[in-house]
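Residue numbering restarts at 1 for every chain, and letters A, B, ... go by the order of the sequence lines.
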Amino acid sequence: MSKKLRVRFAPSPTGALHIGGVRTALYNYLLAHKLGGTFILRIEDTDQTRFVEGAENYILDSLKWLGIMPDEGIGVGGPHEPYRQSERKDLYKVYADELINSGKAYYAFDTSEELDAMRAIYESKGSAFQYNALTRVKLKNSLSMSEQEISDLIASGMPYVIRLKVPAKAEIRFQDSIRDWVHVHTSSIDDKVLMKSDGMPTYHLANVVDDHIMEITHVIRGEEWLPSAPLHILLYQAFGWQPPQFAHLPLLLKPEGNGKLSKRDADLGGFPVFPLEWKDPQTGAISKGFKQEGYLPAAMINFLAFLGWNPGTEQELFSLDELISAFSLERINKAGAKFDVNKAKWFNEQYLKLQDVSSLATQYLPDLPKKEAESFVHLFLDRITFPQELGEKVKDFTELPTIYEEAVVLNKWNEESQKGLQVLKESLPALELWEADSIKSFIHIKLEEAGIKMGKVMQMLRVALSGNGAGPDLMISMELWGKEQVLLRLNHAIAAFNKR
RNA sequence: GGUCCGUUCGUCUAGGGGUUAGGACACGUCCCUUUCACGGAUGAAACACGGGUUCGAUUCCCGUACGGACUACCA
């Protein structure tokens with residue numbers, strides 16, 4: 001019998017959650033729900049210098065907005081509390097000591113400055129410095145010094161780190177769910193720091209220890225972790241633990257050119273990279289969020305899911321539940337995906353049309369009478385990408401036009417259209433039933449009586465009433481404006497056109 | 001520089017030893033609509049290159065090119 005599936009999303013609280021991280025969380029969520037597993041949220045805050053106030057809540061709020069909340073961990077609790085690595089500090093020390101005792105790790109006393117100097121020397125020789133089997137004997141560590149020296153140094157309060165003793169000649173291999181077999185020779189892996197001199201573990205140690213303790217079965221994370229995956233395998237081996245199944249996700253790339261999607265690219269492209277608006281507590285700078293831009297959670301989920309994964313069918317629109325049943329690790333792509341905001345907008349339009357008219361009306365046009373607001377939603381829903389455009393549209397619609405689209409006036413303002421508008425101006429007041437259908441037939445009849453072709457007048461009428469040559473259905477618009485308003489606009493426009 | 005990963009229309013991708021290489025976004029045209037949008041139809045548009053294996057390669061293998069990630073006491 002196989003173990004129950006457990007996956008985790010383990011971000012660092014160093015700022016707003018990047019959209020790539022959101023996708024990672026989503027894939028974890030989808031797999032967990034698909035296979036009846038558990039989705040865990042763990043906070044990897046082992047770097048105290050990069051900790052940002054509010055980031056953890058931001059992560060939680062983002063997941064909540066998208067409806068992909070964890071089953072266990074931060075915000076919900078669970079059997080492996082605490083889920084914040086800074087609060088598990090003492091635990092990692094125990095495991096680091098275990099590796100020291102078994103000879104799989106060692107103390108190192110080299111300072112950052114000394115190591116930087118080494119790197120500079122190697123670089124000047126055109127090579128790269130590695131803290132490894134070749135160089136460690138010449139550096140200041142418990143492998144190159146006597147036991148007396150070591151205990152003296154430690155007793156004197158000399159800061160130290162704990163490094164993994166990477167075997168000199170071995171091949172590490174593992175089977176990634178997305179990339180199949182990956183093999184790396186240990187000569188290219190250096191003796192990574194496991195415990196920092198401040199007593200905190202590095203990502204590598206904390207990650208492996210926690211994933212093991214929390215019984216994580218599948219590690220689904222970004223491709224940026226692929227190069228250190230062999231190191232993690234080595235750690236599992238050093239502890240004698242069974243490694244989880246790895247799946248390294250392709251990266252989200254910038255829309256133009258190449259490279260990882262960054263906040264800068266997003267600013268350039270005029271779209272967000274963060275799910276929610278984020279105010280940097282240090283600088284006070286505000287970064288926009290998809291939510292505030294008007295993206296619907298369901299559209300975001302659908303769009304993100306398709307960036308690097310697809311169901312293999314021609315269905316494009318998937319609810320979260322449908323994604324859960326269609327999802328599989330095997331159908332994730334290897335290559336990075338460029339972020340295309342056009343596609344995101346298209347998804348948003350699709351989901352916007354599915355929204356409930358009544359609730360859109362109350363939410364985005366709260367100042368209008370319910371029935372009128374709903375009419376506006378009907379009128380504009382097909383012409384907008386984001387719901388808050390409703391307000392702008394209605395505002396434009398309601399305001400008296402002051403300028404008239406020049407090209408149309410130039411082309412269509414002639415004797416016939418002038419006569420047509422005059423006819424309407426004089427006859428419309430007599431129309432009793434002010435509804436789109438009756439307005440339409442009334443206009444038709446009146447123009448016909450006057451011997452004027454409707455086609456010669458309609459666009460001019462549109463410009464006269466709205467100022468624009470294009471827009472929503474004119475008859476429904478007229479109904480919504482009301483008779484009085486229409487006549488007012490008509491008079492204004494005729495006066496303006498005649499002055500030309 | 002080194003290690004690892006990748007490469008099908010502009011973009012997201014399906015496919016896979018023999019296909020008219022399929023879909024979606026964006027773009028063009030037409031229809032619908034007395035406008036525009038929506039919707040429908042349709043068009044243009046791709047297997048990075050070179051070798052090998054094979055009757056046959058876009059598909060498998062090897063190189064090359066290009067791109068990316070990593071190369072911290074950051075995650």
Contacts of A:E330 that satisfy salt bridge (charged side-chain N to carboxylate O under 4.0 Å, His left out) - sequence neighbours left out = none

Please list each protein N or O that sits under 3.5 Å from an N or O in nucleotides 5-7 of chain B, with the distance.
residue	atom	partner	partner atom	Å
B:rC5	O2'	A:R179	NH1	2.6
B:rC5	O2'	A:E223	OE2	3.4

inquiry  = Under 4.0 Å, counting only non-hydrogen atoms across every strand here, what does A:K353 touch: a base, just sugar-phosphate, or nothing?
reply    = sugar-phosphate

message = Holding to salt bridge (charged side-chain N to carboxylate O under 4.0 Å, His left out), I want the full list of residues that pass it with A:E316, two or more places apart in sequence or in another chain.
response = none

task = Would you state whether a donor and an acceptor, one from the side chain of A:K343 and one from the base of B:rA24, lie under 3.5 Å apart?
result = yes

remark   = Sorted by chain and number, sequence neighbours left out, ring pair (Phe, Tyr, Trp, His ring centres under 6.0 Å) with A:F339 holds for A:F271, A:F303

Tabulate protein N/O versus nucleotide N/O from nucleotides 73-75 of chain B, keeping only pairs under 3.5 Å, one per line.
residue	atom	partner	partner atom	Å
B:rC73	OP2	A:R163	NH2	3.4
B:rC73	O2	A:S197	N	2.6
B:rC73	O2	A:S197	OG	2.7
B:rC73	N3	A:S197	OG	3.0
B:rC73	N4	A:D110	O	3.1
B:rC74	OP2	A:K196	NZ	3.1
B:rC74	O2'	A:D47	OD2	2.9
B:rC74	O2'	A:R50	NE	3.3
B:rC74	O2'	A:R50	NH2	3.4
B:rC74	O2	A:R50	NH2	3.4
B:rA75	OP1	A:T46	OG1	2.8
B:rA75	OP1	A:K196	NZ	2.7
B:rA75	OP2	A:Y203	N	3.1
B:rA75	O3'	A:S12	OG	2.8
B:rA75	O3'	A:E44	OE1	3.3
B:rA75	O2'	A:S12	OG	2.5

Which protein N or O atoms sit under 3.5 Å from an N or O of nucleotides 40-45 of chain B?
none

request  = Could you tell me whether A:K260 contacts a base, only the sugar-phosphate backbone, or nothing, with contacts defined as non-hydrogen atoms closer than 4.0 Å?
outcome  = sugar-phosphate

Sequence-distant partners of A:K104, salt bridge (charged side-chain N to carboxylate O under 4.0 Å, His left out), two or more places apart = none

ask   = Excluding sequence neighbours, so at least two apart, what forms salt bridge (charged side-chain N to carboxylate O under 4.0 Å, His left out) with A:R462?
value = none

ask   = Can you name the residues that form a ring pair (Phe, Tyr, Trp, His ring centres under 6.0 Å) with A:F318, not counting sequence neighbours?
value = A:F306

message = Once ring pair (Phe, Tyr, Trp, His ring centres under 6.0 Å) is applied, do any residues pair with A:F386, and if so which ones, sequence neighbours excluded?
response = A:Y295

message = Could you check whether any side-chain N or O of A:D190 sits under 3.5 Å from a backbone N or O of A:K192, counting only pairs where one atom can act as donor and the other as acceptor?
response = no

query = A:H212: what forms a ring pair (Phe, Tyr, Trp, His ring centres under 6.0 Å) with it, not counting sequence neighbours?
reply = A:W241

inquiry  = Checking contacts here: which listed nucleotide (B:rG1, B:rG23, B:rC70) is nearest the side-chain heavy atoms of A:P227?
reply    = B:rC70

ask   = When we call it a touch if two heavy atoms are under 4.0 Å apart, what does A:P472 touch: a base, just sugar-phosphate, or nothing?
value = base

I'd like a list of close polar pairs between nucleotides 29-33 of chain B and the protein, N/O only, cut-off under 3.5 Å.
none

query = Between A:W309 and A:F327, what is the ring plane arrangement, given parallel below 30°, perpendicular above 60°, and tilted in between?
reply = tilted

inquiry  = Between B:rC12 and B:rA69, how many Å separate the two P atoms, rounded to a whole number?
reply    = 15 Å

message = Regarding A:G222, tell me which of base, sugar-phosphate or nothing describes its non-hydrogen contacts under 4.0 Å with the strands shown.
response = nothing

